[in-house]
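Reading through the structure tokens given below for one structure.
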Amino acid sequence: MTKNKIIVPLDVSNLADAIALVEKLPQVSFWKVGLELFVATGSDILKFLKYQQKQIFLDLKFHDIPNTVAGACRSASQYEVDLLTLHATAGKKALQAAVEAINTAEKPPKLLAITVLTSFSSRELAFDLKIPLELPEYALQMAILAQESGIDGAVCSPQEVSQLREVCGKDFLLVCPGVRPSWAKAGDQSRVMTPLEAIKAGADYLVIGRPITAAENPVEAWERICTEIET
Ligand SMILES: O=c1ccn([C@@H]2O[C@H](COP(=O)(O)O)[C@@H](O)[C@H]2O)c(=O)[nH]1
């Protein structure tokens, strides 16, 4: 079912607001917990989502030396979340250490490597970060690095997903934020596509936040997106 492909981020600053959002949208089966909420509430929100039998994407984007990344992944594994992120730019040794660290967990999460944050434009990548490759090529190289290190999948913009799918194959999980229906504002996202375009391009999951959570009527926004994808 297409709606199971949509992950909604709980980008709020406290547990009460997070619970209110989950209760407002009982149709959503997959929620993302990111830095803002996890730093504020720790594992309480994860326990709540587990109790509600929701799937959980813990998006903490680890980026550190191999030993520290491994320790963070080991600690995160205890929560039995479904997806967990780290940056591909942490490098091969850190990626491999992460894979090894979660292997001993009872129910290890799928690890996803961030390729290039969807808020980045080509211009920022070239001029601010001084990356000498074109953005799509750089995102692809980050995904290949992750795959060769044993990581399960990547987070990328929908604009790069078809190329990553072609090179990395059907079993490599591709999760896309930077998704905007035609009627929603892009905000700080630079590399966007509509939900239908992103699915057609080969994304396994779409992360759609503000178009739903900041809408006047989140339930209506969710249903509108599901209808757009299904038709
Ligand atoms: O490259 C990335 C990686 C993660 N994100 C996260 O996804 C959501 C997107 O929310 P919107 O409101 O739909 O913009 C947010 O939690 C980000 O931290 C991303 O946007 N890009």
Side-chain angles (χ1 to χ4, degrees), residues 4-5 7 9-10 30-35 37-39 42-43 45-47 49-50 54-118 120 125 129 131 133 135-158 160-178 202-207:
N4 294 338
K5 286 178 171 274
I7 302 174
L10 281 167
F30 213 145
W31 289 94
K32 183 172 90 68
V33 174
L35 288 164
L37 185 58
F38 195 77
V39 170
S43 59
I45 183 61
L46 305 180
K47 287 179 197 141
L49 290 169
K50 281 260 153 208
K54 303 293 182 184
Q55 286 184 278
I56 306 174
F57 174 6
L58 185 57
D59 183 21
L60 299 182
K61 302 187 183 70
F62 299 136
H63 192 201
D64 213 312
I65 60 171
N67 185 56
T68 305
V69 167
C73 288
R74 204 173 296 117
S75 294
S77 297
Q78 71 180 293
Y79 300 126
E80 302 196 345
V81 297
D82 299 279
L83 303 174
L84 178 67
T85 49
L86 70 171
H87 278 278
T89 50
K92 190 169 216 157
K93 285 183 193 155
L95 296 169
Q96 288 173 337
V99 173
E100 206 179 310
I102 60 155
N103 270 344
T104 51
E106 208 161 291
K107 187 179 169 285
K110 297 263 186 222
L111 289 177
L112 300 176
I114 307 287
T115 53
V116 179
L117 290 169
T118 51
F120 270 98
L125 194 77
L129 300 193
I131 303 290
L133 297 181
L135 196 153
E137 179 58 23
Y138 184 63
L140 177 63
Q141 291 307 322
M142 292 303 100
I144 292 172
L145 174 69
Q147 191 174 38
E148 287 176 352
S149 307
I151 299 288
D152 302 291
V155 175
C156 63
S157 145
E160 291 106 48
V161 77
S162 66
Q163 194 190 1
L164 266 60
R165 174 65 66 218
E166 198 180 315
V167 175
C168 299
K170 65 175 176 38
D171 295 332
F172 196 60
L173 263 182
L174 293 173
V175 177
C176 293
D204 291 301
Y205 291 101
L206 312 181
V207 178

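Atoms considered below: every heavy atom in the structure, side chains included; atoms not considered: hydrogens, waters and symmetry mates.
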message: Pair Cys176, Cys156 - check side-chain contact (heavy atoms from CB on, under 4.5 Å), show working.
response: CA-CA 5 Å; Cys176 293; Cys156 63; 4.0 Å; yes
message: Could you go through Ile151 and Leu112, starting from their C-alpha distance and side-chain angles, then the distance that decides it, and tell me whether this counts as side-chain contact (heavy atoms from CB on, under 4.5 Å)?
response: CA-CA 6 Å; Ile151 299 288; Leu112 300 176; 5.6 Å; no
message: Applying side-chain contact (heavy atoms from CB on, under 4.5 Å) to Leu83 and Ile7, what does each step give before you reach the verdict?
response: CA-CA 11 Å; Leu83 303 174; Ile7 302 174; 4.1 Å; yes
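For the pair Ile56/Tyr79, no side-chain contact is recorded, criterion being any heavy-atom separation below 4.5 Å from C-beta on. Side-chain contact check for Trp31 versus Ile45: every heavy-atom pair is 4.5 Å or farther apart. The closest side-chain heavy-atom distance from His87 to Met142 is not below 4.5 Å.
The backbone N or O of Ala139 lies less than 3.5 Å from no partner atom in the side chain of Glu160, so there is not a single donor-acceptor pair. Although no hydrogens or angles enter the test, the distance criterion places a donor-acceptor pair under 3.5 Å between the side chain of Asp204 and the main chain of Leu174.
Here the straight-line distance linking atom CG of Asp152 with atom CZ of Phe172 works out to 8.0 Å at 0.5 Å rounding. From Leu37, atom CG reaches atom CG of Leu10 across 6.0 Å, with rounding to the nearest 0.5 Å. Here Thr115 contributes atom OG1 and Leu145 contributes atom CG; the two are 11.5 Å apart, rounded to the nearest 0.5 Å. The CG atom of Leu111 sits 3.5 Å away from atom CD1 of Ile102, with the distance rounded to the nearest 0.5 Å. To the nearest 0.5 Å, the span separating CG on Leu140 from CG on Leu164 amounts to 5.5 Å.
Residues passing the side-chain hydrogen bond (donor to acceptor under 3.5 Å, both in side chains) test with Glu148, sequence neighbours excluded: none. For Pro177, the side-chain contact (heavy atoms from CB on, under 4.5 Å) partners two or more places apart in sequence, or in a different chain, are Thr118, Val155, Val207. Annotation: side-chain hydrogen bond (donor to acceptor under 3.5 Å, both in side chains) contacts of Gln78 (sequence neighbours excluded): none.
Within the structure, ring pair (Phe, Tyr, Trp, His ring centres under 6.0 Å) pairs that include any residue of residues 89-111 do not occur (at least two apart or interchain). Residue pairs satisfying the salt bridge (Lys or Arg N to Asp or Glu O under 4.0 Å) criterion with at least one member in residues 97-118, sequence neighbours excluded, are listed as follows: Asp82-Lys107.
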Could you list the donor-acceptor pairs under 3.5 angstrom formed by side chains in residues 58-74, with sequence neighbours left out?
{"residue": "Asp59", "atom": "OD1", "partner": "Lys61", "partner atom": "NZ", "Å": "3.3"}
{"residue": "Asp59", "atom": "OD1", "partner": "Thr85", "partner atom": "OG1", "Å": "2.7"}
{"residue": "Asp59", "atom": "OD2", "partner": "Lys32", "partner atom": "NZ", "Å": "2.7"}
{"residue": "Asp59", "atom": "OD2", "partner": "Lys61", "partner atom": "NZ", "Å": "2.8"}
{"residue": "His63", "atom": "NE2", "partner": "Thr89", "partner atom": "O", "Å": "3.4"}
{"residue": "His63", "atom": "NE2", "partner": "Thr89", "partner atom": "OG1", "Å": "3.4"}

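Closest non-hydrogen pair, Ser149 versus Leu95, comes out as CB-CB, 3.6 Å.
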